[in-house]
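Computation of the quantities below employed the complete heavy-atom set of this structure, encompassing side-chain atoms and omitting hydrogens, waters and symmetry-equivalent molecules.
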Amino acid sequence: MQRFPLFDIRIGLTSTAPQAFALAMLCGAIWYFSIPFEPDLRPLFGAASVVWTAAMIGFIRGFAPGLMALLVILSGAATGAVSGKLATERTQTIQMSEVIGPVLLEGWVMQAQPAKRGVRLVVRVHAIDGLAGPETPQQVRLTHIAQLKTDPGRFVRCWSVLRPPPAPILEGDYAFDRQAWYQGLGAVGYVQGRCRGGALGPPDAQPVEQSLRIAKARRSLARYVEKRAGDRAGGFAAALISGDRSFMPMADQDALRGSGLAHLLAISGLHMGLLGGLIYLILWRGLAFIEPLALRVSVKKPAAFGALLACAVYLVISGASISTQRAFIMAMVVFVGVLLDRSALSLRSLAIAMILVLILAPWSALTPGFQMSFAATGVLIASYEYWRRRNLQTGQSQRGISFWLKSLFVTSTVSSSATMPFAYFHFGRVAGLGIIANLAAMPVITLISAPMAAAALMLAPFGLDALALRAFGLSLEWVLAIAHGFAERRVTVPFTLSPMPGSALAALTGVLVSYCVLDRRRWRYAAMFGFCCAAFGLWAGASQARIHIAPSGEVFLETKAGRIERHAWREADGLAPLRFIDVDQTSNCLKANACALEFQGHTLEPVRLADLDLILVSSSPDHVAQIIDWPTVQDENGITLTWRNGRFVREEKPACGRRPWQSC
């Protein structure tokens with residue numbers, strides 16, 4: 001009987017089983033977190049067990065390749081769904097169900113990051129006035145508007161207003177409540193006045209105490225780097241080394257976002273790759289000069305071990321966020337591949353990294369960081385593998401300045417193009433000159449910033465890192481100048497695009513997957529063209545005009561073409577949709593005696609009579625299409641009217657309480 005080993009099974013043309021399993025696992029995880037109900041673990045695990053057993057039998061007995069491919073896909077999807085369910089079972093986040101405050105909150109500051117106004121603090125809660133222990137969330141996030149006079153790791157007392165983590169209030173909005181659930185955030189809010197320091201020591205729980213020590217060490221490191229890297233780019237340098245952005249001005253952060261260089265702020269694959277690659281290269285070349293050692297052992301292996309150790313240290317001092325954990329896992333796969341004499345960087349190693357991330361944090365599959373990093377890395381690996389095969393066929397050299405310049409161009413162009421759909425889906429914007437900005441900034445990062453940061457790391461134990469840190473800061477001043485220059489020269493287009501639906505993003509993801517896994521050009525380009533047509537067809541079909549009345553007291557008018565108007569309607573303390581948070585205000589009806597908005601041939605006008613507080617949506621003075629009262633807007637956390645078949649239809653709200661993170 002002929003057997004088909006697991007790693008030789010091919011799906012379609014050349015996609016191997018680990019890649020298919022990882023992609024199927026991703027789909028299973030997304031399915032679990034997207035369905036409107038919470039599945040029971042027993043039937044879910046039972047169905048997965050059947051698929052796993054069938055796949056194991058097929059592996060042992062050698063089923064036909066087509067059947068085995070189907071079993072690999074089904075087992076991957078089942079693993080992703082079960083991984084998501086198990087993550088929910090082991091997460092016991094206590095979230096608030098209503099707005100309270102101002103109340104006295106006591107706890108330890110874990111993180112401090114800049115916000116549009118003030119500083120955003122993550123506080124490990126010790127006690128909240130008026131809440132019993134079982135009702136008290138373990139962590140909250142507070143916006144501190146006044147000048148912050150305390151550091152992470154310190155015990156503080158704050159008068160705060162707290163509310164539940166905001167849930168999506170219209171279709172396509174960001175599900176912050178789900179992310180908060182898995183990150184352990186039980187409430188968000190703001191500080192009235194200033195947080196005051198206290199004298200209480202660290203908590204009794206050993207993991208929390210260790211986290212506080214790391215937070216203090218990170219803050220000290222950030223302050224040390226910020227002072228020695230220079231006034232202009234010291235905050236940028238501290239953010240890159242420690243992950244602490246609180247020393248970095250918001251103007252610089254906005255410039256990096258506007259120029260398409262915001263990926264430099266997220267401690268991810270770029271930083272981990274540069275650090276690990278430089279340490280590996282230095283150790284590899286340095287050990288090669290030790291002749292007795294180089295003649296007896298492969299010096300690549302101790303170099304890989306040293307680089308892996310450096311990446312682990314960087315993981316801890318940078319805060320170990322989800323994006324950093326993902327980058328470390330990918331670096332670990334690469335360097336362990338060197339230790340085991342395997343290909344250091346391939347689509348198979350990327351698939352293994354994706355599987356590990358989905359097992360550890362399956363909920364991150366729906367985050368932009370996960371999607372953008374894996375998309376960019378996968379397309380880059382596929383591009384360089386194709387380039388390598390082509391150079392082997394033509395006999396071209398892969399060395400020299402010309403190869404480096406080509407690599408820089410390919411890396412910037414391919415990675416920017418691969419992440420563009422995800423950037424627009426999640427953030428509603430794309431940096432038009434991002435590719436050019438990356439071409440200008442990446443040589444500085446690669447040739448000056450990264451080597452200087454590595455030199456500072458190696459010289460720090462001897463107290464000789466000051467000069468390297470200053471050079472590091474000077475190079476980052478150059479990067480900031482590039483960012484501000486490109487941010488001020490944004491490309492304006494004569495049209496707008498409607499929000500991208502999830503189905504269109506899935507089809508565009510199919511384009512990237514086809515590019516990565518299909519080798520035959522005819523099949524590859526046919527699949528990519530088909531997915532592109534499907535994506536833009538779904539995108540065009542999903543475009544709808546709509547009115548959203550938010551509990552923040554604002555009205556948002558969104559045309560079918562994607563243009564959005566923001567009108568201040570009344571005083572309120574609710575929240576606007578996160579999707580529209582960066583939209584500039586079009587008009588302020590609070591300052592007008594009479595305010596009526598025209599949209600799709602209808603008029604929106606307020607009516608305030610005695611006990612009535614209404615909003616009328618009418619097509620003519622004699623025909624009122626919708627009557628909306630303000631208490632209902634508050635109770636339902638916003639109301640959305642969608643234009644269908646020549647009239648506005650009120651969208652039904654999804655039922656609350658059906659998932660653990662959807663409180664009522």
So how far is it from [X] [atom1] to [Y] [atom2], rounded to the nearest 0.5 Å?
| X | Y | atom1 | atom2 | answer |
| --- | --- | --- | --- | --- |
| Leu350 | Ile329 | CG | CD1 | 12.0 Å |
| Ile317 | Ile214 | CD1 | CD1 | 11.0 Å |
| Met272 | Ser373 | CE | OG | 12.0 Å |
| Ser412 | Leu439 | OG | CG | 4.0 Å |
| Gln111 | Arg219 | CD | CZ | 11.5 Å |
| Leu240 | Leu476 | CG | CG | 5.5 Å |

Problem set entry | Pi-cation contact, Phe247 with Arg223 (under 6.0 Å, within 45°) | no
For this session: Begin with the C-alpha distance, continue with both residues' side-chain angles, and end with the deciding distance and a verdict on side-chain contact (heavy atoms from CB on, under 4.5 Å) for Tyr384 and Thr411.
Result: CA-CA 9 Å; Tyr384 278 102; Thr411 300; 2.7 Å; yes
Considering non-hydrogen atoms only, spot the tightest contact between [X] and [Y] and give its length.
| X | Y | value |
| --- | --- | --- |
| Glu385 | Leu347 | OE2-N, 4.0 Å |
| Val444 | Ser475 | CG1-O, 3.5 Å |
| Gln371 | Ala365 | NE2-O, 3.0 Å |
| Leu358 | Ala22 | CD1-O, 4.2 Å |
| Gly193 | Ala146 | O-CB, 3.4 Å |
| Ala456 | Asp465 | O-CB, 3.6 Å |

Say whether, by atom type as modelled, one donor and one acceptor occur between the side chain of [X] and the main chain of [Y] under 3.5 angstrom.
| X | Y | result |
| --- | --- | --- |
| Ser259 | Leu256 | yes |
| Ser417 | Val414 | no |
| Arg524 | Leu518 | yes |
| His144 | Leu121 | no |
| Gln113 | Arg245 | yes |
| Arg566 | Phe580 | yes |

Any [X] side-chain heavy atom under 4.5 Å of [Y] side chain:
| X | Y | answer |
| --- | --- | --- |
| Cys311 | Leu315 | no |
| Leu512 | Phe422 | yes |
| Met110 | Val123 | no |
| Thr367 | Gln179 | yes |
| Leu480 | Glu477 | no |
| Tyr280 | Phe335 | yes |
| Leu469 | Met452 | no |
| Pro451 | Leu278 | yes |

Problem set entry | side-chain contact (heavy atoms from CB on, under 4.5 Å) between Leu212 and Phe155, worked out | CA-CA 10 Å; Leu212 288 173; Phe155 181 80; over 6 Å; no
Problem set entry | salt_bridge(Asp252, Arg257) N-O dist < 4.0 Å | no
Exercise. Ion pair present between Arg232 and Glu226, side-chain N to carboxylate O less than 4.0 angstrom?
Worked result: no
For this session: Please say whether more than 12 non-hydrogen atoms of neighbouring residues, nucleotides or ligands are located less than 6.0 Å from CZ in Phe176.
Result: yes
For this session: Test side-chain contact (heavy atoms from CB on, under 4.5 Å) on Arg154 and Trp108 and set out the steps.
Result: CA-CA 5 Å; Arg154 290 288 306 278; Trp108 298 268; over 6 Å; no
If only side-chain N and O atoms count, and only distance matters, is there a donor-acceptor pair under 3.5 Å linking [Y] with [X]?
| X | Y | value |
| --- | --- | --- |
| Arg120 | Ser246 | no |
| Tyr182 | Ser364 | no |
| Asp244 | Ser242 | no |

For this session: Carefully, step by step, assess Phe370 and Leu26 under the rule side-chain contact (heavy atoms from CB on, under 4.5 Å).
Result: CA-CA 11 Å; Phe370 178 98; Leu26 175 63; 3.6 Å; yes
